[in-house]
Amino acid sequence: NETAFFYPQLVTNDKGETQILFTVPDSNTKWKFRLLAHDKNLNVGQAEAITQSQKELMVTPNMPRFVRQGDKTSISTKISNLSDDIISGTVSIEFFNPVNDELVYIEVDSNEQDFTIAKDASTDASWLFDVPSDIDIIGVRIVAKSDNFSDGEQHALAVLPNRLLVTESIRMDVNGNQDKSFVFDRLVNDKSETRTDYRLTLEFTTNPAWYAVQSLPVLSTPDNDNSVSWFAAYYANKLGAHIAKAYPKVSAMVSAWKNKGGTAQSLMSNLEKNEELKGVLLEETPWVLEANSETEQMQKLSLLFDLNRNSNITNQSVQKLTQLQNYEGGWSWFEGFRASPGITNYILYGFSQLKDLGIDMEEPVSSMISKAIAYLDSEALARFERMKQFDKSWSKMEYLSTYELEYIYVRSLYADHKQSKDISAMISFYETVVTNNWTKYSLYNRSLIAMIAKNKGLKKVQQNIIASYREHATINEEMGMYWANNRAQVFMSQSAVSVHTFIMQAFKDAGATNEEMDNMKRWLLKQKQTQQWESTHATIDAIYALLSTGSDWFTTDGETTITVGNIAVDNSSKEVGTGYIKESWNKTEITPQMGNVNISQKGNTPAWGALYLQYFEDLDKIDSSDASLNVNKQLFVEKTDSSGKKLVSVDESLKVGDKVVVRITVRTDRDMEFVHIKDMRASCFEPIDQLSGVKWSEGVIYYQSPKDASTNYFIEVLPRGTYVFEYAVVVNRVGEYSNGITTIQSMYAPEFTSHTSGARINVK
């Protein structure tokens, strides 16, 4: 049967009749029995019967999922009469300790209540009481009695504390050769009498540029047998050999990381670090595999600088790229696919980057490049001829597609490869179109036009584009120099990081100062602070930009001095390369003066870190905190009138049966990855959506997981902007309840965290 298992037993009575006895489960419901039998001669018989298992007097309590210390809550029960007569009696509630079964005294009104129930009818009873503050679990026993019958149920009820461990942080960013002071206002000026400090933690990285180097191993071994992956492997291994040669300090640093062992902080993913500072354990999130993969790529960093392995992977990559280049000269994604001009553009651009860094390439690469350029020329000329055939006004065109613009940019990088007269005329026409109309193009396209203008000696056009970039740039002390409307899509990826690196290359070609380039590099590093950089293209672009532009951030020997209150932080054990420092103080060591932090950064590299305060506070007395990653919570009652459904803000008491919509508004001023939102609920709220699952809202994919006391959101990618998440609950009992707080935190960069203030819910 679909609903239950039955256990038949054959019994023969005194008359020789065979009977089938069934033992049914302990459920009060109606059962339908169906029987089919046959003998050796295939004579068939069947029967059907309906029976009902029930109690004549039955209680059905409505228990909350949990309660919180200090709440005023209610427990109700339904009392049903399934007999043939009127039943009168009493129903009572008592509380006990589930550990030792001893009774616990909790004051309630009308502990014992009378009832009279007609046949096939039911009634209810309820009790209102204050939840004690000195217990964490309580047993509840409800018993109904009449003269002839009785029934009861008991349940263990979780009692959650009304105090919460809260984590707040102040982020600290300093630039090269800068002295800066920070004040953690929550620690210095907070006058709460109920707050109990738990831990103060300092985390600081004196040279975060090395975090970009740690991303290289994700590229060094292809994860798929396709041209993009094999070129990334070639690029990463050639770049790794170049770094080891040009920056001897890198090899020494990687060896030091390796010698620390696989569990060292230096070889752990940011998702795994600092679990004590995060609102949810990593094991409880969907990102365990991401943490493992990033830790593995960092542990493999030493392999990238192994010369023998490096040479072997490089040679293997060249062979694969040769195999994947078809007879026309273009590369397809996978073997057997048609050649792709886009992928061919991408690979040729990568080869030019390696050449620009002064990296020598193998002989087969030169042959592949020549064939690829011939393929791109042929494809571009064919498209040009088709355009002239079908568009009679082609000579007056003002806008060139990104597809063609990428071609003429990549082609300009290989000016030493001879062009036919037709190709030369076509490119000259395209260049005239884009340089005369560059103001009509996007951020990304303008960067390509600026570099094309530089390669063709059109200095005025190049200078005008760079001047326009400067005019529209945003510059601030933390983020450096960037473009707020950087949402372009590029042929290498759809990443803002890639767009930014193309703009940086345009600035470099225009002779920008190291100070300006360093400002743009700072924005790149701030992206690495909150993102994993698993994208092949974005990682290649960013590492190339960090190595080839601005000041040298990889050989600096500057020192960083940090003072917390009157305590000078010992940095003698800092991590090699990144200069990572972590120091903690327990509750007996914390003083308000420690909220004053002074940092002196010596050297030309930027640095960043955070000071975390963890403390216990009553839920109702927690004040909200604001940050770059901010969260706000609102409650609305859904009401229906002649105009239809509408949401009304909760500004007074609720009543049982109300449908309440919980609205969570999230704001972030930068792209984030691995963001967790935890929204605590009052115990009088029952979520309508009980199932966990993946959802989509406002362009963001997230995993929503309702729990007994909270609803959790796990967001893998959260672009900068404002987002609204909603879910509905039903009010199911009267009383006064703590509604907790809503917390948001980046699991990748736990210093990005904030929470709402505590609130109370009254239900009449």
Side-chain angles (χ1 to χ4, degrees), residues 209 212 231-232 235 238-239 242 345-359 402 405-415 431 434-435 438 441-459 461-470 472-473 475 480-483 485-528 533 535-554:
F231 174 74
Y235 186 101
K238 295 294 287 187
L239 190 58
H242 170 73
N345 270 331
Y346 159 63
I347 293 176
L348 284 179
Y349 173 73
F351 282 139
S352 74
Q353 285 182 310
L354 295 176
K355 182 180 178 182
D356 188 54
L357 287 171
I359 298 175
T402 301
L405 185 57
E406 289 165 352
Y407 159 71
I408 61 173
Y409 166 63
V410 171
R411 192 62 177 86
S412 71
L413 300 175
Y414 294 93
E431 289 172 345
V434 298
T435 54
W438 64 266
Y441 289 82
S442 66
L443 277 175
Y444 164 61
N445 288 348
R446 287 186 188 186
S447 69
L448 298 183
I449 296 171
M451 290 184 280
I452 291 170
K454 182 257 183 182
N455 293 339
K456 293 300 178 181
L458 302 174
K459 191 171 183 180
V461 174
Q462 180 191 24
Q463 290 176 342
N464 288 340
I465 294 175
I466 297 301
S468 175
Y469 275 130
R470 289 191 175 108
H472 293 91
I475 303 175
M481 182 175 180
Y482 65 100
W483 288 264
N485 60 336
N486 179 3
R487 298 291 189 187
Q489 295 186 354
V490 297
F491 76 105
M492 297 197 181
S493 75
Q494 297 181 358
S495 166
V497 169
S498 287
V499 176
H500 189 84
T501 58
F502 273 85
I503 297 174
M504 289 179 66
Q505 186 64 41
F507 270 80
K508 177 187 174 185
D509 287 352
T513 63
N514 279 350
E515 180 181 2
E516 201 167 35
M517 298 306 299
D518 287 348
N519 271 337
M520 288 184 276
K521 286 167 66 173
R522 191 180 314 128
W523 184 88
L524 274 184
L525 281 183
K526 294 302 288 184
Q527 305 313 297
K528 184 66 183 80
W533 271 10
S535 163
T536 299
H537 309 311
T539 303
I540 287 176
D541 295 340
I543 294 173
Y544 173 78
L546 290 171
L547 287 172
S548 64
T549 62
S551 303
D552 180 4
W553 286 0
F554 294 92

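Heads up: numbering here begins at 1 and tracks the sequence. Just the heavy atoms: all of them, side chains too, but no hydrogens, waters or symmetry mates, feed the values below.
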Locate the shortest heavy-atom distance separating [X] from [Y]; write the atom from each residue and the value.
X	Y	answer
M481	W523	O-CB, 3.8 Å
V434	L405	CG1-CD1, 4.0 Å
S352	L413	OG-CD1, 3.3 Å
Y414	V410	CD1-O, 3.4 Å
M451	A506	CG-CA, 3.9 Å

Test side chain to side chain donor-acceptor pair (under 3.5 Å) applied to [X] - qualifying residues, sequence neighbours left out:
X	value
R522	N175, N519
S551	D518
D509	Q505
K521	none

Answer whether the closest heavy-atom distance between the side chains of L443 and F502 falls below 4.5 Å.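 Contact flag for L443/F502 side chains = no.
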
Side chains of S498 and Y444, heavy atoms from C-beta outward: is any pair under 4.5 Å? no

Sorted by chain and number, sequence neighbours left out, side-chain contact (heavy atoms from CB on, under 4.5 Å) with A453 holds for L458, V461, Q462

Please work out whether the ring planes of F231 and Y346 are parallel, tilted or perpendicular, with thresholds of 30° and 60°. perpendicular

Not counting sequence neighbours, which residues clear salt bridge (Lys or Arg N to Asp or Glu O under 4.0 Å) with K526? List them please.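 By the salt bridge (Lys or Arg N to Asp or Glu O under 4.0 Å) rule, K526 matches D173, E478.
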
